[in-house]
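The structure appears below as structure tokens.
We count ligands from 1, going down the list as the structure has it; atoms in each ligand are counted the same way.
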Amino acid sequence: MILPLSLTQKPSFSIPTRLRRLRSSSAIRTLVEETTLQKKDFVQPLFLQEGKCSIEEITSMPHVFRYSIDEAKKKIAFCLEKGIFSFALFPVISHEKKSFHAREALSEEGVIPQALIELKKSFPEAYFIVDIALDPYTSHGHDGLLDERGEVANDPTIDVLQKMSILYASCGADMLAPSDMMDGRIGCIRKALDDAGWQAAALLSYSAKYASTFYGPFRNAVKAGSLQGTKASYQLNPANKREALLEAELDAKEHADILMIKPAGHYVDIISSIKSQTKRPIAAYHVSGEYAMILAAEEKGIFSAEKAFFEVFLSIKRAGADLIFTYAIDYILPYLEK
Ligand code: PBG
């Protein structure tokens with residue numbers, strides 16, 4: 001090989017600091033790696049529906065399924081065997097059971113109470129986090145009850161969320177995750193749980209939950225009622241950061257055990273800032289639209305979904321997330337550390 005003149009000449013300058021030394025082989029790159037993804041960092045969301053032996057792929061989220069409780073057991077057993085032990089449960093409620101007042105949310109025969117009782121019995125070592133919000137149960141698709149003007153009513157909604165939390169705690173939920181963004185709900189739910197004797201039930205607050213387009217596929221997943229208006233009167237404006245820090249600060253004061261930021265990938269600045277203002281663990285939710293977007297790119301031959309997911313999760317963890325909710329665990333499992 002004939003080398004170009006510039007590669008054969010001794011340079012006339014010296015560069016003592018050469019960062020490429022620590023990038024020169026796989027061994028040294030691994031030695032200086034700052035962030036690693038581990039199995040324990042991940043929470044597997046599960047969509048649960050009524051019935052038996054039923055498993056349905058969600059059209060807006062390829063390779064994600066709605067499971068009847070018996071089918072969910074198979075998925076959970078698979079996850080536990082692979083080292084994933086925590087699950088976020090979401091209900092899929094049939095159209096006939098949705099109502100203006102979200103009555104099904106408080107039914108002991110509902111899919112979540114029934115699932116909790118069964119799943120806790122079958123998998124005592126698993127950890128179950130249950131979403132607390134009314135949108136799967138309302139005919140109008142909002143996370144709370146509507147007042148006579150059609151506005152989401154803060155305090156009456158909290159009253160239902162408190163009852164829901166007590167019901168789910170009594171059925172075995174390890175952690176309750178209010179995702180509704182009502183003001184003051186963390187303090188009120190904590191008090192209701194404590195007064196009812198459920199001091200051990202933990203609270204993960206969706207503290208910085210933005211009004212995001214990226215939730216679109218999820219609404220299809222839970223067969224949400226067609227939304228009248230927007231969720232902008234309770235979820236955060238994507239333009240705001242200080243407001244998110246204030247939400248997180250208030251939730252911590254109201255004794256939330258974990259603070260969540262959602263969506264995750266486009267909100268790493270929020271993750272990083274909340275991490276630096278609190279000593280509580282930080283969760284990030286890589287949401288349905290973030291998932292679907294990467295799969296759509298792979299389908300078009302643009303890039304590999306596996307590599308994209310891995311890179312996004314590294315970024316989310318590097319920003320400060322201690323745990324990550326995602327639908328993409330199966331794609332990255334082979335690359336995760338124990
Ligand atoms: C319910 C809830 C939503 C998500 C989690 N809990 C939807 C919403 O607020 O509209 C979104 C999750 C996802 O998109 O993956 N309040």
Side-chain angles (χ1 to χ4, degrees), residues 42-48 58-66 87-93 98 102 104-105 111-112 129-146 152 154 157-158 160-161 164-165 168 173 175-182 185-186 189 203-238 247 258 260-267 283-296 309 312-313 316 321 323-329:
F42 290 92
V43 176
Q44 171 73 56
L46 291 176
F47 296 105
L48 300 174
I58 297 164
T59 36
S60 58
M61 299 171 72
H63 317 305
V64 179
F65 298 86
R66 301 183 190 96
F87 302 89
L89 307 184
F90 295 96
V92 181
I93 305 298
K98 292 182 198 286
E104 181 67 11
V111 63
I112 292 291
I129 305 170
V130 184
D131 199 67
I132 299 290
L134 300 185
D135 54 328
Y137 303 99
T138 52
S139 44
H140 45 73
H142 278 291
D143 291 24
L145 301 177
L146 301 186
V152 172
N154 199 85
T157 298
I158 292 182
V160 183
L161 301 181
M164 242 173 127
S165 301
Y168 297 171
M175 180 176 268
L176 302 153
S179 69
D180 56 292
M181 292 298 281
M182 296 303 109
R185 89 279 203 217
I186 295 300
I189 293 174
L203 281 181
L204 178 153
S205 175
Y206 284 68
S207 295
K209 179 173 180 182
Y210 284 89
S212 174
T213 305
F214 293 103
Y215 307 151
F218 175 95
R219 294 188 187 146
N220 166 261
V222 298
K223 302 186 177 167
S226 71
L227 192 66
Q228 296 160 19
T230 76
K231 297 194 175 187
S233 77
Y234 43 105
Q235 298 180 348
L236 282 164
N237 178 348
E247 282 281 6
I258 296 183
M260 163 103 95
I261 292 90
K262 176 183 176 196
H266 297 273
Y267 292 79
Y285 201 137
H286 185 254
V287 301
S288 56
E290 300 179 277
Y291 170 82
M293 198 162 62
I294 288 179
L295 286 193
F309 282 130
V312 171
F313 298 145
I316 293 168
L323 49 149
I324 302 174
F325 286 48
T326 172
Y327 308 98
I329 293 177

Under the ring-ring contact (aromatic ring centres under 6.0 Å, His included) test, which residues partner Y206, sequence neighbours left out?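 Result, ring-ring contact (aromatic ring centres under 6.0 Å, His included) vs Y206: none returned.
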Name of the residue among D180, N154, L203 meeting side chain to side chain contact (heavy atoms under 4.5 Å, CB included) with R185: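 By the side chain to side chain contact (heavy atoms under 4.5 Å, CB included) criterion, R185 pairs with just one of D180, N154, L203: D180.
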Tell me, please, whether F47 has K223 positioned over its six-membered ring: NZ or CZ under 6.0 Å from the ring centre and within 45 degrees of its axis?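 The answer is no; the distance or angle limit is not met.
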Knowing that exactly one of Y327, F325, F218 qualifies, which makes a ring-ring contact (aromatic ring centres under 6.0 Å, His included) with F90?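 Looking at Y327, F325, F218, the match for F90 under the ring-ring contact (aromatic ring centres under 6.0 Å, His included) is F218.
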Determine whether the aromatic ring centres of H266 and Y210 lie less than 6.0 Å apart.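 Between Y210 and H266, which both carry aromatic rings, the centre distance is not below 6.0 Å.
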Which N or O atoms of ligand 1 sit under 3.5 Å from a protein N or O, and how far apart is each pair?
| unit_1 | atom_1 | unit_2 | atom_2 | d |
| --- | --- | --- | --- | --- |
| ligand 1 | 6 (N) | K262 | NZ | 3.4 |
| ligand 1 | 9 (O) | K209 | NZ | 2.5 |
| ligand 1 | 9 (O) | Q235 | NE2 | 3.1 |
| ligand 1 | 10 (O) | R219 | NE | 2.8 |
| ligand 1 | 10 (O) | R219 | NH2 | 2.6 |
| ligand 1 | 10 (O) | K231 | NZ | 2.8 |
| ligand 1 | 14 (O) | S288 | N | 3.3 |
| ligand 1 | 14 (O) | S288 | OG | 2.7 |
| ligand 1 | 15 (O) | S288 | N | 2.7 |
| ligand 1 | 15 (O) | Y327 | OH | 2.6 |
| ligand 1 | 16 (N) | D135 | OD1 | 3.3 |
| ligand 1 | 16 (N) | D135 | OD2 | 3.4 |
| ligand 1 | 16 (N) | D143 | OD2 | 2.9 |
| ligand 1 | 16 (N) | S179 | OG | 3.0 |
| ligand 1 | 16 (N) | K209 | NZ | 3.0 |

Look at the rings of H140 and H142 and say which category their plane angle falls in: under 30° parallel, 30 to 60° tilted, over 60° perpendicular.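 Rings of H140 and H142: tilted, 30 to 60°.
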